[in-house]
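Notes follow once the structure below has been shown.
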2 protein chains.
Amino acid sequence: MARQAGANGETTARAIRQESLKLFARHGYDAVSMRQIASAVGVQASALYQYFPTKQQILVTLMTEHMEELLAAYAEERRDGETPRAALTRFARFHIRHHISRADAVFISYMELRALEPEGFAAVEALRKLYENELKSILAKGAEAGEFRLEEPHVAAMAILAMLTGVNTWYRTGGRLSREKIEDIYEDMVLKSVI
Amino acid sequence: MARQAGANGETTARAIRQESLKLFARHGYDAVSMRQIASAVGVQASALYQYFPTKQQILVTLMTEHMEELLAAYAEERRDGETPRAALTRFARFHIRHHISRADAVFISYMELRALEPEGFAAVEALRKLYENELKSILAKGAEAGEFRLEEPHVAAMAILAMLTGVNTWYRTGGRLSREKIEDIYEDMVLKSVI
DNA sequence: GTCTATAAGGCGATAGAC
DNA sequence: GTCTATCGCCTTATAGAC
């Protein structure tokens, strides 16, 4: 399994990210050792320190990149000038579609917040808030326009996000229901819950 | 801090449960050492082995007791012969009320499933399924009676449970909204989502 | 019921060779 | 870019004294 002649830095860097993500999701950050990550990558533990100065920095990088990828994907997805109802439909389907194919990163980003040291935590939380605000803004506009019936946009946003992200706890690829069908069901429930 | 003369086994046993719960919730099972638990309790690490044969068994006990307490409380709460709508209202308010005051146990029971060895995992999952089935049964009856509009009782149950349990991620005692008000908002959203 | 002492091994991280 | 070897520390769990 050892990587010898022809070793390539970029390949190793990507492998470290990939294998760390898988191992952290499966066993938890604290339960995974640098030796385990190295073994999955095919190098010795000391080689990891060429790419990341500490184990903590691997986690911070994984979580930060996950949130930045989410924000970039939603920026690409959103359409200004839509009705609140259309925007909420789009948001709900986007959220499921984006998260369902990134189960490990989603799991880590929620589960391992407590493993972050203060600086990393603050950075990740700031990115998370930006994303939450996208949904809050849709709900607030809908309430103002009389299109939605809700008293507390913040609470409604938290409720909807929890519901949508929850798909990841039970969805398995190749299950009885297609991703599209799942998006249909959740879209329906989300819309009805605020109308 | 050391417990000396007058030490009492039952007191220590309760303290081990309490402090483990707090520490596991705050730092994660793997990140907490037997020495840390012992220090919080006020004994040496070796004294813990009088009460639990392994660290793993502390976790299994905390999670199993949490699920059994939940099932017992719901058995006390439920009323047979209610309309599905009334039963769902009761379930939603009960779920929030019960979970909101047990944040540490709820967090652990979801987060540390992966830290359980196979036997413990199976036991806890079986209890969880029993609780999920209570909600599924309400939804299926409501759909059959034409009181609810939903195609997939299982998916709807997962969506509602995720939404309700999600309160714990943002609720803080003494916040702007009372527990009653929060129950009102979620009851409204849950009911609308299936009608 | 709790203590001290210890076994046996894993941890993150670093130095220096190639 | 990766290796071997190592430092100093922490880990779960047990033996035996009081």
Side-chain angles (χ1 to χ4, degrees), chain A residues 1-21 23-24 26-63 108 112 114-120, chain B residues 1-21 23-24 26-63 108 112 114-120:
Chain A
M1 188 59 91
R3 189 177 303 277
Q4 308 99 321
N8 176 301
E10 211 161 307
T11 303
T12 305
R14 198 169 30 248
I16 294 172
R17 279 170 165 77
Q18 253 176 42
E19 300 300 332
S20 301
L21 191 73
L23 287 166
F24 289 167
R26 186 119 53 239
H27 308 291
Y29 173 76
D30 280 292
V32 173
S33 71
M34 292 296 268
R35 285 168 175 80
Q36 267 176 280
I37 297 169
S39 157
V41 171
V43 296
Q44 290 300 313
S46 56
L48 301 178
Y49 291 88
Q50 287 288 318
Y51 302 92
F52 293 94
T54 59
K55 182 185 166 189
Q56 169 78 200
Q57 195 54 51
I58 301 179
L59 181 63
V60 172
T61 301
L62 291 177
M63 292 178 69
I108 288 173
E112 302 296 357
R114 65 187 169 190
L116 288 174
E117 288 159 16
E119 294 142 78
Chain B
M1 185 65 81
R3 189 175 305 274
Q4 309 100 321
N8 176 300
E10 211 160 308
T11 303
T12 305
R14 196 167 33 248
I16 294 172
R17 279 170 165 77
Q18 253 175 43
E19 301 299 333
S20 301
L21 190 72
L23 287 166
F24 289 166
R26 187 118 55 239
H27 308 291
Y29 174 76
D30 279 292
V32 173
S33 71
M34 293 297 266
R35 283 171 176 78
Q36 267 176 281
I37 297 169
S39 157
V41 170
V43 295
Q44 290 299 314
S46 55
L48 301 177
Y49 291 88
Q50 287 288 317
Y51 301 91
F52 293 95
T54 58
K55 183 185 167 189
Q56 170 78 198
Q57 195 53 52
I58 300 180
L59 181 62
V60 172
T61 301
L62 291 176
M63 291 177 70
I108 289 172
E112 303 294 359
R114 65 185 170 192
L116 288 174
E117 288 159 17
E119 292 142 81

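Numbers restart at 1 for each chain; the letters A, B, ... are given by sequence-line order, proteins then strands.
Among the atoms of the strands shown, only primed sugar atoms or phosphate atoms (P, OP1, OP2) are found under 4.0 Å from some heavy atom of A/Y51.
Distance B/E10 CD to C/dT2 C1': 18 Å, rounded to the nearest Å. Rounded to a whole Å, the CZ atom of A/F52 is 14 Å from the P atom of D/dG1. What separates CD of A/Q44 from C1' of C/dG12 is a distance of 15 Å, to the nearest Å. To the nearest angstrom, P of C/dT4 lies 14 Å from CG of B/L48. As rounded to whole Å, 10 Å separates atom P of D/dA13 from atom CD1 of B/I37.
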Extract from the structure each pairing of a protein N or O with an N or O of nucleotides 6-11 of chain C at less than 3.5 Å, listing the distance.
residue, atom, partner, partner atom, Å
C/dC11, OP1, A/S33, OG, 3.2

For nucleotides 15-18 of chain C, list the nitrogen or oxygen atoms of the protein found under 3.5 Å from its nitrogen or oxygen atoms, one pair per line.
none

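Of all heavy-atom pairs spanning B/L62 and B/S20, the tightest one is CD1-CB, 4.0 Å. Here the shortest heavy-atom pairing between A/A31 and A/Q36 reads O-OE1, 3.3 Å. When every heavy atom of B/H27 is checked against every heavy atom of A/D30, the shortest pair comes out as O-OD2, 4.0 Å.
Distances shown here put every side-chain N or O of A/T54 at or beyond 4.0 Å from the OP1 or OP2 atom of C/dG12. For A/Y49, no side-chain nitrogen or oxygen approaches OP1 or OP2 of D/dT2 to under 4.0 Å. For B/Q50 and C/dT2, the shortest distance from a side-chain N or O to OP1 or OP2 is not below 4.0 Å.
Remark: B/Q18 pairs with B/R14 by the side-chain contact (heavy atoms from CB on, under 4.5 Å) rule, at least two apart or across chains. With sequence neighbours left out, the side-chain contact (heavy atoms from CB on, under 4.5 Å) criterion links B/A47 to B/V43. When the side chain to side chain donor-acceptor pair (under 3.5 Å) test is applied to A/E112, the partners found at least two apart in sequence or on another chain are B/R114.
Within the structure, no pair that satisfies the ring-ring contact (aromatic ring centres under 6.0 Å, His included) test touches residues 30-54 of chain B, not counting sequence neighbours.
In this structure, CZ in A/R17 is found 12.5 Å from CD1 in A/I37, a value given to the nearest 0.5 Å.
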Quick one: side chains of residues 54-61 of chain B, donor-acceptor pairs under 3.5 Å with protein atoms, not counting sequence neighbours, listed by atom name and distance.
residue, atom, partner, partner atom, Å
B/T54, OG1, B/Q57, N, 3.1
B/K55, NZ, B/Y29, O, 2.9
B/K55, NZ, B/V32, O, 2.6
B/Q56, OE1, B/E117, N, 2.9
B/Q56, NE2, B/A115, O, 3.1
B/T61, OG1, B/Q57, O, 2.7

